[in-house]
Structure formats: structure tokens, C-alpha cells
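Remarks on the structure that follows.
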Number of protein chains: 4
Amino acid sequence: MSAQRNEQARQAIIAAAFRLCASTGFASTTIEAIASEAGVGKTTIYRWWPSKAAILIEGLESARDSSAAFPDTGDITADLLTQTTNVMALFATDFGLVWRGLIASAQSDQIAAEGVPRILRTSIDQCVARLAKAQGAGQLRADLDLELAVELIYGPIYHTWLLRTRPVPPDFMHTVLTTLMPALTAPTNEA
Amino acid sequence: MSAQRNEQARQAIIAAAFRLCASTGFASTTIEAIASEAGVGKTTIYRWWPSKAAILIEGLESARDSSAAFPDTGDITADLLTQTTNVMALFATDFGLVWRGLIASAQSDQIAAEGVPRILRTSIDQCVARLAKAQGAGQLRADLDLELAVELIYGPIYHTWLLRTRPVPPDFMHTVLTTLMPALTAPTNEA
Amino acid sequence: MSAQRNEQARQAIIAAAFRLCASTGFASTTIEAIASEAGVGKTTIYRWWPSKAAILIEGLESARDSSAAFPDTGDITADLLTQTTNVMALFATDFGLVWRGLIASAQSDQIAAEGVPRILRTSIDQCVARLAKAQGAGQLRADLDLELAVELIYGPIYHTWLLRTRPVPPDFMHTVLTTLMPALTAPTNEA
Amino acid sequence: MSAQRNEQARQAIIAAAFRLCASTGFASTTIEAIASEAGVGKTTIYRWWPSKAAILIEGLESARDSSAAFPDTGDITADLLTQTTNVMALFATDFGLVWRGLIASAQSDQIAAEGVPRILRTSIDQCVARLAKAQGAGQLRADLDLELAVELIYGPIYHTWLLRTRPVPPDFMHTVLTTLMPALTAPTNEA
DNA sequence: AGTTAACCGAGACGGTACGTCGCGTCTTGTT
DNA sequence: AACAAGACGCGACGTACCGTCTCGGTTAACT
């Protein structure tokens with residue numbers, strides 16, 4: 001065998017896809033534009049990815065690490081506020097454009113429909129892990145369904161971010177958590 | 001002036017758009033297919049709507065009425081459960097396909113980006129009104145931000161429905177409300 | 001009966017058709033443009049003319065008179081030179097653009113295919129009449145077929161004008177007639 | 001470099017254009033119909049030709065050879081009669097439909113306006129060559145402008161064929177040449 | 001003097017073809 | 001064998017005009 005996959009081309013394609021997506025939007029980021037921007041033949045793209053969503057998904061999955069890790073100061077409420085604030089800040093960057101485009105295309109593109117939940121899974125698992133630790137420490141109700149807790153916490157974020165029903169106030173997540181957390185925390189037995 | 005708009009054509013176009021969207025999906029519903037299905041020239045569509053999203057938005061806005069009205073039995077928790085259950089059922093129908101497509105296209109199409117929040121506004125306002133009544137009746141905390149409450153309630157629905165991170169259990173909204181409502185309701189002074 | 005044809009509209013339409021044809025060319029002179037330019041409804045045009053060619057033909061037929069009448073100085077060769085020179089000058093004006101467009105559309109449009117020969121007939125008949133007079137005066141061969149003579153004289157003009165095979169020299173018709181006329185004139189019996 | 005032009009497609013397109021032009025006429029021969037008839041994408045046509053006229057011109061130029069060559073029996077008058085008769089016969093075939101359409105479109109289409117004279121040039125040059133030989137042999141006047149001679153000979157043909165002013169008699173070219181040739185031939189000095 | 005019907009402007013309508021864009025596949029050398 | 005380049009068949013785009021068809025409104029002949 002010889003002539004294996006060209007790693008340079010792979011990175012150039014992913015980088016070009018992100019660049020275009022950030023500058024001209026997800027919808028007008030075409031395979032042809034990516035190929036041209038990356039200085040690559042279309043064939044090379046189609047050989048390795050089935051759609052533009054796949055390229056961006058691969059890009060996200062390989063570069064996710066540092067982005068929005070969970071802090072652990074021992075105070076679950078404070079840590080959630082820190083992390084969700086980071087997430088909302090991230091959504092306001094170029095990353096947000098890509099991610100929004102992927103979520104949108106997941107409604108019709110098969111690859112995106114599988115990739116989006118897969119990407120989210122990691123973040124959710126990290127969140128669940130942090131919540132589980134807090135639960136173990138008695139900071140959260142023992143009977144709390146942690147998957148559900150994630151949805152209660154992140155639901156409002158995606159609701160405002162995707163549906164754009166109102167301008168998001170700066171202290172949005174502070175208010176959300178202030179309102180929500182009492183329902184998640186263990187009752188303080190002060191009878 | 002003269003030569004007014006043909007109301008028959010207008011309705012045929014909207015109906016055709018919904019039919020196609022339901023049967024072949026939002027992404028593959030083309031203007032040409034709508035025109036053909038409606039027995040109408042493409043020009044007639046482009047004369048009145050700038051994109052397929054606009055057609056579907058107009059259809060939704062003119063036929064919204066009855067779909068998911070708010071019950072009022074006096075019990076806010078029960079009413080929310082009823083209504084959100086109805087909404088989730090609605091999302092599982094053809095309407096859901098259209099709505100999902102519109103939300104997706106709102107991430108790139110200007111018209112959809114305006115229409116989706118406009119459509120939601122009405123539903124949110126109805127929800128807020130019902131919540132306000134409950135608040136007035138002392139069933140909800142007096143200092144509760146009702147817009148936020150809506151996001152806390154519907155956020156999890158859209159989170160699961162759009163992001164598809166896990167299969168939605170049948171009693172999903174029951175669990176959501178059971179967990180969430182204590183944080184929204186007025187504290188029962190039983191000291 | 002009542003409400004007869006609006007003469008003002010008729011003239012405005014013909015005038016607009018000529019104006020557009022002269023300024024933007026025959027091909028891009030559309031019925032819609034004529035209607036707009038004339039400040040007239042499309043219906044009014046279609047009520048009275050079957051195609052744009054018909055409008056221009058009517059315009060030519062009603063305004064032909066003065067354009068290229070035949071002089072009669074008694075010298076047939078000189079008169080032909082005068083007249084053909086006038087014709088070629090006319091072909092270089094806006095009239096030429098219209099006439100060329102009509103001849104072109106006569107290759108496909110039924111109305112033009114009838115109108116072009118009808119318009120030409122008049123000119124040819126005038127030419128034939130002048131030739132007949134010369135023939136009667138013994139200036140042309142007695143056995144000359146005058147229809148053919150017209151084609152021999154005008155053929156080269158249309159050949160160069162329609163087929164554009166070479167730049168037309170200024171003394172073109174002088175040379176044509178100098179070469180051709182000996183074949184048409186009666187032999188001078190100088191035995 | 002790579003990915004060269006598909007010769008099969010090229011020929012299929014030209015053939016389809018001729019077939020359609022012959023069967024439905026030049027005016028109603030559309031690019032879409034040609035593409036469909038040739039089993040080819042529209043893009044492939046637009047990639048290589050700017051208009052349908054260009055296709056037909058290329059077809060004519062690449063297949064011109066045999067069509068109406070000049071005989072050379074030594075008798076210039078007889079040879080001209082033979083050749084012009086052939087031309088008129090050719091004009092009555094499908095080729096005539098194409099050629100007429102091209103001449104018509106040359107009045108508005110830039111490509112046709114260049115192509116028609118270019119195609120004619122070859123035929124004219126052949127005619128001029130034959131005339132020059134006759135002139136060299138003393139059969140034509142020494143001072144005869146041969147370009148002009150061509151126009152005198154072919155002018156009547158195009159006049160009748162394009163302008164359709166009268167039904168063309170069967171012996172048309174015989175009469176034309178009988179009338180015209182004396183003006184072109186060298187005077188026989190029999191004083 | 002009032003009625004009324006044809007003509008008028010405006011322009012919406014169902015269509016056809018336009019010329020362009022991007023798709024995903026393919027072919028042709030080059031590295 | 002993978003690559004760049006890009007031609008290919010295809011489908012949809014949004015536009016321009018086609019010729020037909022309502023719409024009121026005007027207007028001129030005939031009640």
C-alpha cells in the first residue's frame with residue numbers, strides 16, 4: 001500500500017470550513033467553497049466526509065477539549081453559573097455560528113442528526129458527572145434525575161439562543177439558577 | 001388600481017407547502033414542487049413570499065388559533081401539564097415537521113428568523129397570562145419573572161425535541177413539572 | 001356599439017415600439033416594455049396586434065410614403081443610383097434597425113413573414129414602374145424581366161446589409177450599377 | 001491540468017441542435033430542449049457555447065466541406081449555374097432552416113453576427129477563386145471586382161430566399177445568369 | 001339624462017425558458 | 001493510491017416575458 005490520507009489536506013479542509021462558516025454563514029458554506037478555500041479537490045472532501053456537517057462535526061469533536069470544562073470548587077451552584085456563563089459566551093463567538101448551523105442541519109441531514117447528540121453527549125456526561133458528585137456530597141436531592149437536571153439547566157439557554165424570543169439579559173443564567181436551584185438542592189432539614 | 005390578489009391561489013400554495021413539508025420533509029420542499037403541487041406558477045409564489053419559510057410562517061400564523069390553548073382549571077400545575085403534553089403531542093405530528101424546519105431555517109433565513117419568534121410570542125404571551133393569573137391567585141411566587149418561568153418550562157421540551165440527546169420518556173413533562181414547580185410556587189407558610 | 005378604438009393609444013404604442021427598437025434593439029423590445037413605455041395596458045396591445053412585429057409593420061406601412069420615392073429625371077441609371085443611395089442611407093438609420101429586426105423575425109413569425117413581403121411589394125412595384133417607363137423609352141432591353149431586374153439591383157444591397165460579409169465601400173452602388181446596367185440596357189445598335 | 005472536454009457530449013449537442021432546428025424551427029429550439037435531446041446537462045452547453053447560434057455555427061463550420069463545392073468544367077457560366085442551383089437546393093433542405101435562423105439571429109446575437117460572415121467568407125472565397133481563374137482565362141472582364149461579382153450573383157438568391165417577395169421560378173438562376181453574365185464577361189472583340 | 005357596453009390602465013395569473021449555482025460522480029494527469 | 005483540477009448530468013434557483021384573465025374607471029352612443 002502507499003499514499004495514505006493526507007493529514008495536511010484534512011486539517012486545511014476543516015479549517016477552511018470553519019473559516020467560511022464564520023465569515024459567510026453556515027448555509028452558504030458549500031463544499032465547492034470549502035474545496036476552493038482549502039486549495040483542495042472536491043474529490044478529497046467527498047472521499048472522507050459525506051457532507052459539510054460531517055466536516056464541522058469532526059472539527060468540533062477533535063477540538064472540543066478545553067472549551068467549556070467543568071470547574072469544581074465544591075459549590076455546585078457557583079460552578080454551574082461559571083460553566084453556563086462560559087457556554088453562553090462561547091455561543092456568541094464563531095463557534096456559535098457553526099454550532100447553530102449544525103443543530104439546524106440536524107433537522108434534515110442524517111449525519112448531523114447523529115453528530116449533534118453525540119457531541120452533546122460528552123458535555124452532558126461531564127455535567128452529569130459534576131452533578132453526581134454534588135449529589136454524593138448531599139448538595140442535590142438524592143432522588144434527582146440528573147439527565148433531567150441537565151435539561152432543566154440547559155433548556156433555557158438553548159430556548160433563548162435558538163428561538164430568539166427575547167433579548168437575553170446579562171444576568172440571565174444567574175436568575176435561572178437562582179430560581180431553579182432550590183428545586184434541585186436537598187431540603188435543609190431545619191424543622 | 002385593480003387586479004387584486006387571488007385568494008384561492010394563496011390558500012392552495014400554503015396548503016401545498018404544508019402537504020409537501022409533511023410528506024417529504026422541510027429541506028426537500030422546493031418552491032418548484034410547491035408551485036406544481038398547488039397548480040400555480042412560480043411567479044405567483046415569488047410575487048408574494050420571499051422564501052418557502054415565509055409561506056409556512058403565514059400558514060402557521062393564520063391557522064394557529066385552536067392548536068394549543070391554555071386550559072384554566074384553577075390548578076396551575078395540572079394545567080401546565082395538560083398544555084405541555086398537548087404541545088409535545090403536536091410536535092409529534094406533521095405540524096412538528098414544519099415547525100422544526102422553520103426553527104432550523106431561522107438560523108440562516110432572515111424571514112424565518114423574524115417569523116419564528118413572532119409566532120412563539122403569542123404562545124408565550126398566553127402562557128405568561130395563565131401564569132400571571134396563578135401568580136395573582138397566590139399559586140406562584142410573587143417575585144417570579146414569568147418570562148423566565150416560560151423558558152424554564154419549555155426549555156426542556158425544546159432541548160429534547162431539537163437536540164435529540166435521549167429518547168423522551170412518556171412521563172417526561174410530569175417529571176419536569178414535579179421537579180420544577182416547587183421552585184416556582186409560593187412557599188406554603190406552615191411554620 | 002360604443003367606445004371605439006383609442007387613436008391616441010394606437011399612435012403611442014407604435015411610437016413607443018419604434019423608440020425602443022431604435023434604442024435597445026429589436027430583440028429586447030418586448031410587449032411589456034412597449035406597454036410601459038407607451039403608458040398603456042398590455043391588453044390594449046394584444047387587442048389590436050398579434051405580435052410586436054405587427055406593430056412595427058403597421059408603423060412602417062402607415063409612414064412609408066416619403067421615405068424613398070423614385071426620382072424621374074429621364075436617366076434611369078442616374079435615378080437608380082439616387083434611389084438606391086437613399087435606401088442605403090435609410091438602412092443606416094433607426095429605420096434600418098427596425099427593418100432588419102422585421103426581416104429577421106419574418107424567418108419565424110407568421111405576421112412578419114406576411115408583412116415584410118407586403119411592405120417590399122410597394123417598393124418593388126414603384127421600382128418596376130420606373131423601370132417599365134425606362135423600358136418603354138427604349139433605355140432598357142425590351143425582353144428584360146423587370147421583377148428580376150429589381151432583384152439584380154437590390155440583391156447586392158441586401159446581401160451586404162444583412163450578411164455583413166465585408167465593409168461596404170462608399171461608392172458601392174455606383175460600382176454595382178456601372179457593372180450591372182450594361183446587362184440591362186438596350187443594345188445600342190451601332191453596327 | 002486535467003478533466004478535458006467530452007467530445008461525445010460536444011457532438012451530441014450539435015447533432016441535437018440540428019435535429020431540433022430542422023424539426024421544430026430555429027426560434028423554438030431552446031437550450032433546454034437541446035440539452036434534453038442530447039442527454040446532457042444545460043451547464044455543459046453553457047460551459048462551451050454562449051448561445052444556440054454558437055452551437056449551430058460550430059456545427060456548420062465543422063461539417064461544411066462537401067456541401068456546395070465549386071465545379072470547374074472550364075465554362076464559368078455553366079459552373080456558376082450548377083453551383084447556384086445546388087445552393088438553392090440546399091437552402092430548401094433542413095440546412096436552409098438552420099441557415100435562415102442563423103442569419104436572422106445575426107441581426108441581434110453578437111455571436112451569430114460574427115459567425116455568419118465567417119462562414120460565408122469561405123464560400124465567397126471559393127467563388128472568388130473560381131471567378132479569378134475564369135478571369136485569368138479571359139472569360140471575365142479584366143477589371144471586374146470579383147467580390148462585387150459574388151454579390152451580384154448571390155444577391156438575387158438571398159433576396160428571394162430571405163425576403164420571399166415572390167415565388168421563385170424553377171429556372172430562376174438560369175435567367176439571372178443569362179441576364180447578368182454579359183455584364184461580367186470580357187467583351188468579344190468582333191468589330 | 002341615464003344606461004350600458006366596449007375600451008382603457010393596471011397588473012395578477014399559469015406557464016416556459018432563461019442563465020446560474022451547487023450537488024455528488026467521474027475522469028485525467030501529477031506527485 | 002491519494003491528490004488538484006475540473007467536466008459531467010442533474011435539479012432547483014429566482015427572473016423575464018409570454019399571452020390570458022380579471023378588475024374598477026372612463027367614455028361615447030343609444031335609449
Side-chain angles (χ1 to χ4, degrees), chain A residues 1-10 12 27-36 38-52, chain B residues 1-10 12 28-36 38-48 50-52, chain C residues 1-10 12 28-36 38-52, chain D residues 1-10 12 28-36 38-52:
Chain A
M1 200 208 291
S2 55
Q4 285 142 339
R5 179 166 189 178
N6 182 337
E7 177 61 19
Q8 243 177 311
R10 182 185 153 273
S28 64
T29 298
T30 67
I31 298 280
E32 302 214 328
I34 295 170
S36 166
V40 137
K42 283 203 292 177
T43 316
T44 304
I45 296 181
Y46 282 110
R47 186 165 13 240
W48 303 109
W49 295 277
S51 71
K52 68 172 167 177
Chain B
M1 202 214 294
S2 46
Q4 290 136 325
R5 181 166 187 176
N6 182 337
E7 177 60 20
Q8 248 177 302
R10 182 185 153 272
S28 63
T29 297
T30 67
I31 298 279
E32 299 214 327
I34 295 171
S36 166
V40 138
K42 278 201 292 180
T43 314
T44 303
I45 297 181
Y46 284 110
R47 191 170 5 245
W48 303 110
S51 68
K52 66 175 166 177
Chain C
M1 203 214 286
S2 53
Q4 285 142 339
R5 181 167 188 177
N6 182 337
E7 178 59 19
Q8 245 178 309
R10 182 185 154 273
S28 64
T29 298
T30 66
I31 297 280
E32 301 213 328
I34 295 171
S36 166
V40 138
K42 282 204 292 177
T43 315
T44 304
I45 296 181
Y46 282 109
R47 185 160 19 235
W48 304 109
W49 296 278
S51 72
K52 67 173 167 177
Chain D
M1 201 217 292
S2 46
Q4 289 135 325
R5 181 167 188 177
N6 181 337
E7 177 60 18
Q8 248 178 304
R10 181 185 153 273
S28 63
T29 297
T30 67
I31 298 279
E32 299 214 327
I34 295 170
S36 165
V40 137
K42 279 202 292 179
T43 314
T44 302
I45 297 182
Y46 283 111
R47 192 172 1 246
W48 303 110
W49 295 278
S51 70
K52 66 174 166 177

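Remember, predicted model here, so these are calculated numbers, not experimental data.
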(message) Considering every strand and a 4.0 Å limit on heavy-atom distances, what is the contact class for C:Trp48: base, sugar-phosphate, or nothing?
(response) sugar-phosphate
(message) A side-chain contact here means heavy atoms from C-beta on lying under 4.5 Å apart; do A:Trp49 and A:Ile31 qualify?
(response) no
(request) Taking the side chain as every heavy atom from C-beta outward, state whether B:Arg10 and B:Trp48 have any pair of such atoms under 4.5 Å apart. (result) no
(message) Which heavy atom of B:Ala35 sits nearest to which heavy atom of B:Gly41, and what is that distance?
(response) CB-C, 4.2 Å
(message) Let me spell it out: for each of D:Gly41 and C:Pro50, pick the nucleotide of DNA chain F with the closest heavy atom. Which residue's pick is nearer the 5' end?
(response) D:Gly41
Between atom [atom1] in [X] and atom [atom2] in [N], what is the gap in whole Å?
X       : N      : atom1 : atom2 : value
C:Asn6  : E:dC8  : CG    : P     : 6 Å
A:Lys52 : E:dG24 : NZ    : C1'   : 15 Å
B:Gln8  : E:dA12 : CD    : P     : 17 Å
A:Arg10 : F:dA2  : CZ    : P     : 16 Å
B:Tyr46 : E:dG11 : OH    : P     : 23 Å
D:Ile34 : E:dT16 : CD1   : P     : 18 Å
B:Gln4  : E:dG9  : CD    : C1'   : 15 Å
D:Trp49 : E:dT20 : CH2   : C1'   : 18 Å

(message) Does F:dC3 have its OP1 or OP2 closer than 4.0 Å to a side-chain nitrogen or oxygen of A:Arg47?
(response) yes
(message) Please tell me if B:Thr44 has a side-chain N or O lying less than 4.0 Å from either OP1 or OP2 of E:dG14.
(response) yes
(message) For the CD atom on B:Glu7, are there more than 12 heavy atoms of other groups (residues, nucleotides or ligands in this structure) within a distance under 6.0 Å?
(response) yes
(request) For B:Gly39 and for D:Ile31, find the nucleotide of DNA chain E with the closest heavy atom, then tell me which residue's nucleotide is more 5'. (result) B:Gly39
(message) Both D:Thr30 and B:Glu7 contact DNA chain E. Taking the nearest nucleotide for each, which residue is further toward the 5' end?
(response) B:Glu7
(message) C:Ile45 vs C:Lys42, test: side-chain contact (heavy atoms from CB on, under 4.5 Å). Steps then yes/no.
(response) CA-CA 5 Å; C:Ile45 296 181; C:Lys42 282 204 292 177; 5.7 Å; no
(message) Is there, by distance only and without an angle test, a donor paired with an acceptor across the side chain of D:Thr43 and the base of F:dC10 below 3.5 Å?
(response) yes
(message) Whether the side chain of A:Lys42 and the base of E:dG24 hold a donor-acceptor pair under 3.5 Å is what I'd like checked.
(response) yes
(request) Ignoring the backbone of C:Glu32, work out which of F:dC3, F:dC17, E:dC18 is nearest its side chain. (result) F:dC17
